[in-house]
**Q** 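Questions regarding the structure given below will be posed in turn.
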2 protein chains.
Amino acid sequence: MTDSDIISNFLKSVDVKSNEKVFSEFQLVLKVLRYPKKQIVLKENQIGQFAYLIIEGAARSYYLHNGLEVHTWFSFEGEFIGSLRNHDGLPSRETVELLEDSILLSFDMMRIKELMKIFPEITNFIYPVINEYAQFLEDRLFYTHLKSAKEKYDALIAYQPQVLRRVPLTFIASYLGISRETLSRIRAK
Amino acid sequence: MTDSDIISNFLKSVDVKSNEKVFSEFQLVLKVLRYPKKQIVLKENQIGQFAYLIIEGAARSYYLHNGLEVHTWFSFEGEFIGSLRNHDGLPSRETVELLEDSILLSFDMMRIKELMKIFPEITNFIYPVINEYAQFLEDRLFYTHLKSAKEKYDALIAYQPQVLRRVPLTFIASYLGISRETLSRIRAK
DNA sequence: CCAATCATTTGATCTATGTCACAAAATCAT
DNA sequence: ATGATTTTGTGACATAGATCAAATGATTGG
């Protein structure tokens with residue numbers, strides 16, 4: 001897939017009904033990035049103005065706590081990396097690192113906000129994206145809240161089965177808040 | 001405060017810049033509700049079309065798990081009750097019950113969605129609300145993720161100090177995923 | 001204002017899960 | 001390929017926090 005294929009696929013998917021002018025302006029704030037495994041997309045405490053959609057690949061998000069990496073989420077195709085707070089000039093609480101060679105679609109949020117002032121109709125196709133993202137967060141919050149290690153593990157598998165296939169056990173254990181030994185034993189049934 | 005004071009305060013706070021027509025149409029989908037303590041606002045598995053903003057009072061959200069109430073959140077003045085999934089016709093995962101006599105502002109989301117089709121400019125003042133809500137969820141998700149009982153307790157106190165004053169210990173323990181005995185001991189330092 | 005209910009505390013065990021230590025297996029780089 | 005490094009699995013032991021029990025303290029409704 002070429003870069004422009006990726007961009008036009010995305011624009012099709014959000015159902016842009018705006019005029020040609022908006023359409024072409026909007027393309028300019030999108031950029032396709034191809035990064036190798038282990039590339040760091042966002043650093044903890046860093047202020048960034050970009051949102052990234054994973055077109056292909058996977059990423060892990062974590063923060064350092066007493067020198068240890070505590071994982072907060074794993075992202076795959078079709079999911080956004082980076083949090084909304086970044087787009088309001090607040091520093092990132094997490095580091096995001098790619099787990100595989102990946103293709104990302106970056107959104108220059110600064111420029112999108114400026115565009116929104118000029119073409120208010122852009123809101124109409126940003127809105128569903130934010131709305132869906134918020135529902136996605138509600139889901140995560142609900143499943144994250146389950147307490148026993150086994151329940152959280154099962155929920156993660158049910159909700160994101162690819163985690164098991166694509167993420168090292170150590171990271172999953174850190175995400176679930178249990179030791180890797182315990183996770184290893186849970187899996188051994 | 002009269003009902004119309006409450007409504008106009010809200011409309012002022014979201015900074016409606018639309019024309020008079022939209023303004024008056026929008027008022028019709030808002031309704032002020034005054035409920036006593038223990039009133040159930042939303043039942044688990046129920047499909048509802050309303051969002052509620054707490055003007056005054058407090059609420060707890062929980063779901064039943066093995067016959068026990070597992071708390072997922074406590075809400076106070078200025079916060080929304082009910083999740084976005086409800087507005088898309090999905091059943092609620094939680095029951096929401098008032099902890100105090102409360103004043104709520106209800107939003108008929110069905111009718112708001114219809115209004116959005118007729119007056120697309122409404123999106124411009126729904127959008128910041130959803131955006132803020134999503135950021136609020138990101139915050140919750142981040143703090144909820146901390147694992148040790150003590151850390152979660154401290155984060156809750158830092159993030160929502162009123163919880164300690166206005167919510168029974170038993171509910172807080174259920175929220176933190178620890179027994180009330182342990183929470184009692186943590187507090188005793 | 002008092003009985004009755006409900007919420008919190010404290011003590012004595014018990015258990016799931018953490019920690020440490022090392023072995024086995026998988027993955028990576030030259 | 002093959003040795004090196006990183007990831008996963010298993011055993012022995014320690015411990016935070018669960019559970020059970022029962023006393024004390026706070027709220028509520030008649």
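Note on naming: letters A, B, ... go to the chains in the order of the sequence lines (proteins, then strands), and numbering restarts at 1 for each one. Not measured: the values here are computed from a predicted model.
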**Q** Let me know the distance between CG of A:L99 and P of D:dT7, rounded to the nearest Å.
**A** 11 Å
**Q** Rounded to whole Å, how long is the line connecting atom CG of A:L68 with atom P of C:dT19?
**A**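 Checked: the CG to P distance equals 9 Å.
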**Q** Salt bridge check, A:K37 against A:E100: does any charged N sit closer than 4.0 Å to a carboxylate O?
**A** no
**Q** What is the distance, to the nearest angstrom, from the CG atom on A:D101 to the P atom on C:dC28?
**A**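 Answer to the nearest Å: 11 Å.
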**Q** Rounded to the Å, how far apart are B:E69 CD and C:dC6 P?
**A** 12 Å
**Q** So, are A:R166 and A:E77 salt-bridged, with charged N and O less than 4.0 Å apart?
**A**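 Yes, A:R166 and A:E77 are salt-bridged.
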**Q** What is the separation between atom CZ on A:R187 and atom P on C:dA26, rounded to the nearest whole Å?
**A** 12 Å
**Q** Would you call B:D139-A:R93 a salt bridge at under 4.0 Å N-O?
**A** yes
**Q** Whole angstrom is fine here: how far is it from CD in A:E151 over to P in C:dT17?
**A**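 The distance from CD of A:E151 to P of C:dT17 comes to 10 Å, rounded to the nearest Å.
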**Q** Is it true that B:R34 and B:D3 make a salt bridge, defined as a side-chain N closer than 4.0 Å to a carboxylate O?
**A**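 Looking at B:R34 and B:D3, the cut-off is met.
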**Q** Go along nucleotides 25-30 of chain D 5' to 3' and tag each nucleotide: B for a protein heavy atom under 4.0 Å from its base, S when only backbone or sugar atoms are that close, - otherwise.
**A** ---S--
**Q** Starting at the 5' end of nucleotides 17-22 of chain D, put B wherever the base has a protein heavy atom under 4.0 Å, S where only the sugar-phosphate does, and a dash everywhere else.
**A** SSBBB-
**Q** Any ion pair linking B:D88 and B:K113 (charged N to carboxylate O, less than 4.0 Å)?
**A**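 Yes, charged N to carboxylate O under 4.0 Å.
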**Q** Just how far, in rounded Å, is P of D:dT8 from OH of A:Y153?
**A** 11 Å
**Q** With a 4.0 Å limit, can you tell me whether B:T170 has a side-chain N or O closer than that to the phosphate oxygens OP1/OP2 of C:dT8?
**A**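 Affirmative; the distance criterion is met.
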**Q** Does any donor atom in the side chain of A:E94 or A:T72 lie under 3.5 Å from an acceptor atom in the other side chain?
**A**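 Indeed, the side chains of A:E94 and A:T72 share at least one donor-acceptor pair under 3.5 Å.
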**Q** So, is B:S184 close to the C:dT10 phosphate, meaning a side-chain N or O under 4.0 Å from OP1 or OP2?
**A** no
**Q** Is there a donor-acceptor pair under 3.5 Å between the side chain of A:S75 and the backbone N or O of A:R60?
**A**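 Pair absent, no side-chain N/O of A:S75 close to backbone of A:R60.
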**Q** Is a salt bridge present between A:K12 and A:D5, judged by a nitrogen-to-oxygen distance below 4.0 Å?
**A** no
**Q** Kindly indicate whether the side chain of B:V29, heavy atoms from C-beta on, has any atom under 4.5 Å from the side chain of B:L115.
**A** yes
